[in-house]
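I have placed the structure first, in the form of structure tokens, so that the comments after it can refer back to it.
Throughout, protein chains are lettered first and strands after them, A, B, ... in sequence-line order, and every chain is numbered starting at 1.
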There are 2 protein chains.
Amino acid sequence: MNNWVGMTEEQAGIVQKARKRVIESIGKNMDLYGVTLSTGHLYGMMFFQDKPMTLDEMGEEMGMSKTSMSTGVRTLTDLKMVHKVWEKGTRKDLYEVEPDWYQTFADFFVIKWQKSIEMNVQSLRKSAAELKRLGENDPDNEALQSIVATDTRKLEEAIHYYLWLGRLIDTFESGEVFKLVPKEEPQADSK
Amino acid sequence: MNNWVGMTEEQAGIVQKARKRVIESIGKNMDLYGVTLSTGHLYGMMFFQDKPMTLDEMGEEMGMSKTSMSTGVRTLTDLKMVHKVWEKGTRKDLYEVEPDWYQTFADFFVIKWQKSIEMNVQSLRKSAAELKRLGENDPDNEALQSIVATDTRKLEEAIHYYLWLGRLIDTFESGEVFKLVPKEEPQADSK
DNA sequence: ACGTTTGTAAAGTTTTTTCTGTACGTACAA
DNA sequence: TTGTACGTACAGAAAAAACTTTACAAACGT
């Protein structure tokens with residue numbers, strides 16, 4: 001995984017143990033991004049790699065098949081957590097972790113949540129339109145009107161929420177979010 | 001699922017179809033919250049329920065076992081997407097969907113992400129401390145110092161990111177987020 | 001106290017997902 | 001063109017998750 005030349009066994013072991021703790025913690029928590037434990041582990045491992053890695057190197061390091069590395073890396077690149085690196089002289093694909101985690105965070109919501117929002121809004125709008133038509137066609141039917149009114153209100157509130165969520169994610173994408181929540185912790189007032 | 005009295009078969013069918021579309025869309029997208037399709041479906045179904053439901057009613061409606069409803073509802077209550085309702089006269093537990101989706105969104109991050117952040121920060125800090133000690137014990141070893149420096153920088157950047165993420169989630173929790181992204185879409189300037 | 005009802009734990013089954021090994025298409029080198 | 005290296009699609013095996021049935025403990029009514 002690294003060049004341990006110039007260090008004692010013990011020193012190398014301490015570094016490896018420190019890395020391993022972090023790798024496993026990251027890997028374990030990456031289920032929030034919808035990736036499997038082992039893909040999360042792969043990501044964590046790559047995080048400590050200074051050089052871009054090939055699929056073979058990953059397989060070696062992870063003790064897993066190259067096929068698994070291929071699918072794992074695909075998942076991670078789809079999420080823009082890892083990207084392909086071009087390097088002349090080798091025919092192998094090289095990958096490295098996207099170092100800007102703020103960007104990774106934003107990308108995740110743009111990629112996954114934004115799509116989900118669009119799907120839901122579309123369903124909600126379509127159903128709301130159908131209910132509207134239904135209500136208009138039989139305005140004197142109280143039972144019907146009552147249900148249509150209740151459902152319509154729910155659908156509209158949901159749409160309202162999703163539009164807000166979309167705007168929130170827009171602020172992630174544009175970087176505007178860093179106005180409200182700066183990357184640097186605000187300095188305490190000096191007297 | 002509802003009182004269809006006073007409506008024609010056709011009308012009831014249209015309402016049901018409209019609901020079903022939304023329920024399935026919601027259910028399908030709730031994997032972002034780490035819940036299964038069927039639990040998401042359960043949530044969507046309860047969303048259209050006007051009254052709190054019992055486990056038996058859910059099982060009936062979902063065509064699933066009561067045990068599954070029990071575990072599904074547990075998942076949803078843990079996420080505060082659904083909560084228990086007290087009603088005298090019945091021994092059964094009653095549950096209903098939390099209607100404030102903004103709150104649900106905030107709770108999700110507080111419950112799931114905040115915990116994940118804490119775990120990661122703890123691992124990162126511990127490993128950073130170990131590396132610091134390691135470096136201090138052998139200051140002339142260049143190979144060692146180089147690795148320690150590289151890893152330490154990575155760990156610190158990661159901690160920095162997680163602290164930011166924690167502050168972001170704090171703004172969800174406190175409602176401060178609505179200052180930057182208001183629930184109401186800002187009105188266009190009238191000339 | 002005794003019998004019911006209710007919710008869930010535990011064990012077992014089914015379904016889904018993950019991972020591996022093989023096979024194949026493409027790209028490059030000679 | 002032929003041969004080799006590379007990444008991935010595909011099929012099957014292994015592992016994990018979801019769901020059901022059974023069983024049981026706690027709470028209630030009588």
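- In this model, no side-chain donor or acceptor of B:Arg91 finds a partner on the base of C:dT6 within 3.5 Å.
- Remark: side-chain polar atoms of B:Gln145 are paired, donor with acceptor, to backbone N or O of B:Asp138 under 3.5 angstrom.
- Ring geometry for B:Phe178 versus B:Tyr102: interplanar angle over 60°, hence perpendicular rather than tilted (30 to 60°).
- Rounded to whole angstrom, the span from the NZ atom of B:Lys92 across to the C1' atom of C:dG7 amounts to 11 Å.
- Rounded to whole Å, the distance from CE on B:Met58 to C1' on C:dT6 is 13 Å.
- When all heavy atoms of A:Ser25 and B:Met119 are compared, the pair lying nearest together is OG-O, 3.6 Å.
- Using a 4.0 Å cut-off between charged nitrogen and carboxylate oxygen, B:Lys112 and A:Asp31 do not count as a salt-bridge pair.
- Judged by distance alone, with hydrogens and angles left aside, the side-chain atoms of A:Trp164 form a donor-acceptor pair with the main-chain N or O of B:Val181 at under 3.5 Å.
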### Contact state string [nucleotides 8-19 of chain C, B base, S sugar-phosphate only, - no protein heavy atom under 4.0 Å]
SBB-------SS
### Query
What's the verdict on salt bridge (charged side-chain N to carboxylate O under 4.0 Å, His left out) for B:Lys51 and B:Glu57, showing C-alpha distance, side-chain angles and the deciding distance?
CA-CA 11 Å; B:Lys51 308 260 168 218; B:Glu57 287 165 349; over 6 Å; no
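- Residues B:Leu42 and B:Met62 come closest through the heavy atom pair N-CE, 3.6 Å.
- On the nucleic acid side, DNA chain D contacts chain B at distances under 4.0 Å to non-hydrogen atoms, with the end points of that region at D:dA18 to D:dC28.
- Residue A:Glu60 places its CD atom among 12 or fewer non-hydrogen atoms of other residues, nucleotides or ligands, all under 6.0 Å distant.
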